[in-house]
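Beneath this line is the structure, given in structure tokens, with notes to follow.
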Amino acid sequence: MHWWDACDVISSSGYYPINDWPNQIARIEKVVKKYDLPFFFSEVGCPSTLDSAYIPNDWHLIGTKPLDMGEQVRFYQTMFDHCEPLSWHSGYSLWDWPVNVHPDYNASTDAGYSVIGKPAAAVIKRVFSK
């Protein structure tokens, strides 16, 4: 028995630059087809910070770049546009959707990964409601 034979699913984090999704999807698809397994993103997200859609895994942008809610929206919409048509893709674990939100939380000033109360949440709801 080989390692891949013991797997039920293939998973990866999806912190890909907004302009690199086609390349990443093509790369992932080769593995998925080779092993004939479904795929899901075990973690994917983007801060609400200027330029973060181009380097979504860089926490250092938070607090060093201006707040930009549209950046997070563009990232999620791009990801969904590239992933939704894929028959072998089976889902996402979104980072960050906190369970316990502090009573003083203000989404309009949060440059972090959370989508609660932000425009990106509407994009996510639309896709997950299909």
Side-chain angles (χ1 to χ4, degrees):
M1 175 181 251
H2 297 352
W3 188 85
W4 282 104
D5 297 333
C7 295
D8 296 321
V9 66
I10 297 170
S11 180
S12 174
S13 293
Y15 294 98
Y16 306 129
I18 193 171
N19 57 347
D20 199 37
W21 275 93
N23 295 328
Q24 297 301 325
I25 293 298
R27 180 184 61 82
I28 293 166
E29 187 172 30
K30 289 176 187 175
V31 177
V32 167
K33 287 188 174 186
K34 179 177 180 179
Y35 295 103
D36 193 30
L37 292 169
F39 176 86
F40 82 99
F41 286 107
S42 56
E43 186 175 294
V44 63
C46 179
S48 301
T49 307
L50 183 66
D51 298 331
S52 61
Y54 293 95
I55 40 176
N57 62 340
D58 189 346
W59 287 84
H60 297 99
L61 294 178
I62 303 168
T64 62
K65 291 269 192 164
L67 181 74
D68 186 344
M69 296 293 174
E71 196 79 10
Q72 190 178 52
V73 168
R74 286 185 292 279
F75 176 85
Y76 276 105
Q77 191 59 62
T78 298
M79 178 188 71
F80 291 140
D81 288 347
H82 287 288
C83 294
E84 289 302 302
L86 305 173
S87 61
W88 47 264
H89 176 260
S90 36
Y92 320 83
S93 291
L94 305 178
W95 182 262
D96 177 30
W97 199 295
V99 175
N100 296 315
V101 179
H102 192 275
D104 295 335
Y105 175 72
N106 183 348
S108 68
T109 61
D110 178 14
Y113 285 84
S114 175
V115 296
I116 293 176
K118 296 180 182 178
V123 173
I124 294 165
K125 182 179 180 180
R126 187 173 62 247
V127 170
F128 280 37
S129 296
K130 291 180 185 177

Close side-chain approach of [X] to [Y], heavy-atom, < 4.5 Å:
X: Ser42; Y: Ser12; answer: no
X: Asp68; Y: Thr49; answer: no
X: Phe75; Y: Tyr15; answer: no

Treating [X] as the side-chain partner and [Y] as the backbone partner, does any N or O pair qualify as donor plus acceptor under 3.5 Å?
X: Ser114; Y: Ile116; result: yes
X: Lys130; Y: Arg126; result: no
X: Lys30; Y: Ile25; result: no
X: Thr64; Y: Leu61; result: yes
X: Ser11; Y: Phe40; result: yes
X: Glu71; Y: Ser48; result: no
X: Glu43; Y: Gly14; result: no
X: Gln72; Y: Cys46; result: yes

Following the transitive rule for hydrophobic clusters with a side-chain heavy-atom cut-off under 4.5 Å over Ile, Leu, Val, Met, Phe, Trp and Tyr, establish whether [X] and [Y] coincide in one cluster.
X: Trp21; Y: Val32; value: yes
X: Val44; Y: Ile55; value: no
X: Tyr35; Y: Val9; value: no
X: Tyr105; Y: Leu67; value: no
X: Val127; Y: Trp88; value: yes

Task: Test item: side-chain donor near acceptor, Asn19 and Tyr54, under 3.5 Å - done: no
TODO: Consider only side-chain N and O atoms of Lys65 and Ser52, and report whether a donor and an acceptor are under 3.5 Å apart.
DONE: no
TODO: Kindly write out the residues that satisfy side-chain hydrogen bond (donor to acceptor under 3.5 Å, both in side chains) with Asn106, not counting sequence neighbours, or none if the list is empty.
DONE: Ser108
TODO: Could you tell me whether Arg74 and Asp81 make a salt bridge, using a distance below 4.0 angstrom between a side-chain N and a carboxylate O?
DONE: no
Closest approach of [X] to [Y] (non-hydrogen atoms, all atoms of both residues):
X: Met69; Y: Ala107; value: CE-O, 2.9 Å
X: Ala120; Y: Tyr76; value: CB-CD1, 4.0 Å
X: Asp110; Y: Lys118; value: O-NZ, 2.9 Å

Task: Test log, rule side-chain contact (heavy atoms from CB on, under 4.5 Å), inputs Tyr16 and Arg27 - done: CA-CA 12 Å; Tyr16 306 129; Arg27 180 184 61 82; 3.1 Å; yes
- [ ] Starting at CD1 of Ile10, measure out to NZ of Lys34 and round the result to the nearest 0.5 Å.
- [x] 10.5 Å
TODO: Calculate, to the nearest 0.5 Å, the distance between atoms CD and NE2 belonging to Gln77 and His82 respectively.
DONE: 10.0 Å
Contacts table for residues 90-97: side-chain donor-acceptor under 3.5 angstrom, sequence neighbours left out:
unit_1	atom_1	unit_2	atom_2	d
Ser90	OG	Phe39	O	2.8
Tyr92	OH	Glu84	OE2	2.8

